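Model, not experiment: these values are computed from the prediction.
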Amino acid sequence: RAIVAAVQGAGGVMTERDLAAHRSTWDEPLSVQYRGARVWNCAPNSQGLVALLALGMLEGFSPAGNDDPERWHLAIEALRIAFADARWWVSDPALSDIPLRGLLGEEYLAQRRALIDPHHAALDVRRGSPVNRGGTVYHCAVDARGNACSIASSHFMGFGTGIVPPGLGFVLHNRASGFSLDPAHPNVVAPGKRPYHTIAPALLTHRDGTLLGPVGVMGGFMQPQGQLQVAMALLDDGDTPQAALDRPRFCIDSGLAGGSVQLEEGVPANVVERLRALGHPLEANVPSYARALFGRGQVILRDAVGGLEGGSDRRADGCVASPTN
């Protein structure tokens, strides 16, 4: 009652019936194979699909070193295409027909991969048409038996709506801003519907299905972008969790297929110069506090004998912790 009174007092239309009718769901995760591992993510209405689409495209290219501009270009282009698809298809699966099997199928990924020009940036990528068959905190934990949790929670945009129900001490989120107002869009706002949202905690497993580890990077539309870059460091290069998190990153502005590219301080000069030459609009050497733009992540990896190694992003105030006994 207090929540509804606060929302209606701010001009909103939520009713007590809306909250009483809510039912949480248990959803099946999605996955793609990448460099001998399997990357798992939340299904729509999560944008975890972005990371999976991009990794599925990159699986078709040979690995390159982190100082190789080609690697940065391919990753950026794969994410542009992935965002073009996700910005259309990610919506409430209970009310929209989302072609998930087609989107993550080898045939469709090959079609989208073929759009990547190794010699030029594409700023006008449009969504594809696959065959239809069918203000965040992140933390993760692994126990001695190899069970893992990968968890992200959020009220979005700093303080969400900025609405605090009197006497309750928490702020209400503004995830409804993820809806589209285009009546022809699958993600158009409607009663009882869930919007596109940015939360995308992930897990990595080996080919045999055993746990490799949980991974997540918080930060709005940076989440799948950071997740992809950390996964590449772990799986392409064999980095430790901390080393993977410490690497400088790129961010496609606002998760838009044609968005400009922000490059964190520390990106090699040859990479910056080559990306400019390939036609990417970009801002280089984003420094100090502004580096929060590039997300804040956590990783735990489990080795073959059950040993654990964790990493915590230095762009934030997290830490690695283990039992003392």
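At a threshold of 4.5 Å between non-hydrogen side-chain atoms, the residues N41 and Q227 count as touching. Side-chain atoms of L30 and P44, non-hydrogen and from C-beta on, do get closer than 4.5 Å to each other. Between V142 and N147, the closest side-chain pair of non-hydrogen atoms is not below 4.5 Å. By the 4.5 Å heavy-atom criterion applied to side chains, Q223 and T136 are counted as neighbours. Put simply, the side chain of I81 reaches to within 4.5 Å of the side chain of I116, judged on heavy atoms. A heavy-atom distance below 4.5 Å is found between the side chains of R113 and F61. Between N66 and R71 there is a side-chain heavy-atom pair separated by less than 4.5 Å. Under the 4.5 Å side-chain criterion, counting only non-hydrogen atoms from C-beta, Y138 is not in contact with I151.
Without hydrogens or angle criteria, S254 side chain to L256 main chain gives no donor-acceptor distance under 3.5 Å. Under the 3.5 Å distance criterion, the side-chain polar atoms of Q229 are matched with a main-chain donor or acceptor of F250. Between the side chain of N45 and the main chain of P195, a donor-acceptor pair closer than 3.5 Å is present. T161 places a side-chain N or O within donor-acceptor distance of the main-chain N or O of L172, the cut-off being under 3.5 Å. Judged by distance alone, with hydrogens and angles left aside, the side-chain atoms of D27 form no donor-acceptor pair with the main-chain N or O of A43 at under 3.5 Å. The backbone N or O of A122 lies less than 3.5 Å from a partner atom in the side chain of E77, making a donor-acceptor pair. Checking side-chain atoms of S150 against main-chain N and O of A202 turns up a donor-acceptor pair under 3.5 Å. In this structure a side-chain-to-backbone donor-acceptor pair under 3.5 Å is present from R87 to G255.
The two residues P165 and A2 make their nearest non-hydrogen contact at CB-O, 3.9 Å. Annotation for A75 and L228: closest pair CB-CD2, 3.9 Å, computed over non-hydrogen atoms. The minimum heavy-atom distance between K193 and P186, with the atom names listed, is NZ-O, 2.6 Å. Across all non-hydrogen atoms, the minimal contact from G259 to I252 is O-CG2, 3.9 Å. In this structure, G192 and L95 approach most closely via the heavy-atom pair O-CD1, 4.0 Å. C149 and P214 get closest at one heavy-atom pair: O-CB, 3.9 Å.
Taking CZ of F179 as the start and NE2 of H197 as the end, the distance is 11.0 Å to the nearest 0.5 Å. The SG atom of C251 lies 6.5 Å from the CD atom of Q262; values are rounded to the nearest 0.5 Å. Note: L211 CG to R145 CZ = 15.0 Å, rounded to the nearest 0.5 Å.
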Checklist entry - Are V50 and L79 close enough, and set up right, to give a side chain to side chain contact (heavy atoms under 4.5 Å, CB included), and what steps lead you there? => result CA-CA 7 Å; V50 175; L79 281 166; 3.8 Å; yes

Checklist entry - Going through the distances and angles, do D182 and S180 end up as a side-chain hydrogen bond (donor to acceptor under 3.5 Å, both in side chains)? => result CA-CA 5 Å; D182 177 356; S180 170; 5.1 Å; no

Item to check | Chi angles and distances behind the side chain to side chain contact (heavy atoms under 4.5 Å, CB included) call for W40, T205 | outcome: CA-CA 8 Å; W40 296 84; T205 58; 2.8 Å; yes

Next on the checklist: Set out, in order, the CA-CA distance, both residues' side-chain angles and the distance that settles salt bridge (charged side-chain N to carboxylate O under 4.0 Å, His left out) for R80 and D124, then state yes or no.
Outcome noted: CA-CA 9 Å; R80 290 193 191 281; D124 58 350; over 6 Å; no

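F294 and M157 are not part of a single hydrophobic cluster, where members link through side-chain heavy atoms under 4.5 Å apart. The hydrophobic clustering, which links ILVMFWY residues whose side-chain heavy atoms are closer than 4.5 Å, places V261 and L74 together. No path of Ile, Leu, Val, Met, Phe, Trp and Tyr side chains, each step under 4.5 Å between heavy atoms, connects V90 with M218, placing them in separate hydrophobic clusters.
Within 6.0 Å of CG on D317 lie no more than 12 heavy atoms contributed by other residues, nucleotides or ligands.
The salt bridge (charged side-chain N to carboxylate O under 4.0 Å, His left out) with E264 is formed by just one residue from the set R315, R314, R249; it is R315.
Taking the six-membered ring where the residue is Trp, F156 and F221 present perpendicular rings, their angle passing 60° and hence far from 30°.
Residues satisfying the ring pair (Phe, Tyr, Trp, His ring centres under 6.0 Å) test with W88, not counting sequence neighbours, are H185.
Aromatic rings from H73 and H119 are positioned such that their centres are separated by 6.0 Å or more.
At least one cation-pi condition fails for R101 and Y108: the charged atom is not both under 6.0 angstrom from the six-membered ring centre and inside a 45 degree cone around its axis. Remark: R127 qualifies as a cation-pi partner of W89 under the 6.0 Å distance and 45° angle criteria applied to the six-membered ring.
The pair D92-R194 counts as a salt bridge, with a side-chain nitrogen and a carboxylate oxygen less than 4.0 angstrom apart. Salt bridge D68/R274: absent, no basic N to carboxylate O contact under 4.0 Å. Comment: E16 does not engage R1 in a salt bridge, judged by the lack of any side-chain N to carboxylate O separation of less than 4.0 angstrom.
Applying the side chain to side chain donor-acceptor pair (under 3.5 Å) test to pairs two or more places apart or on separate chains, those with a residue in residues 162-175 are S154-R175, R175-T198.
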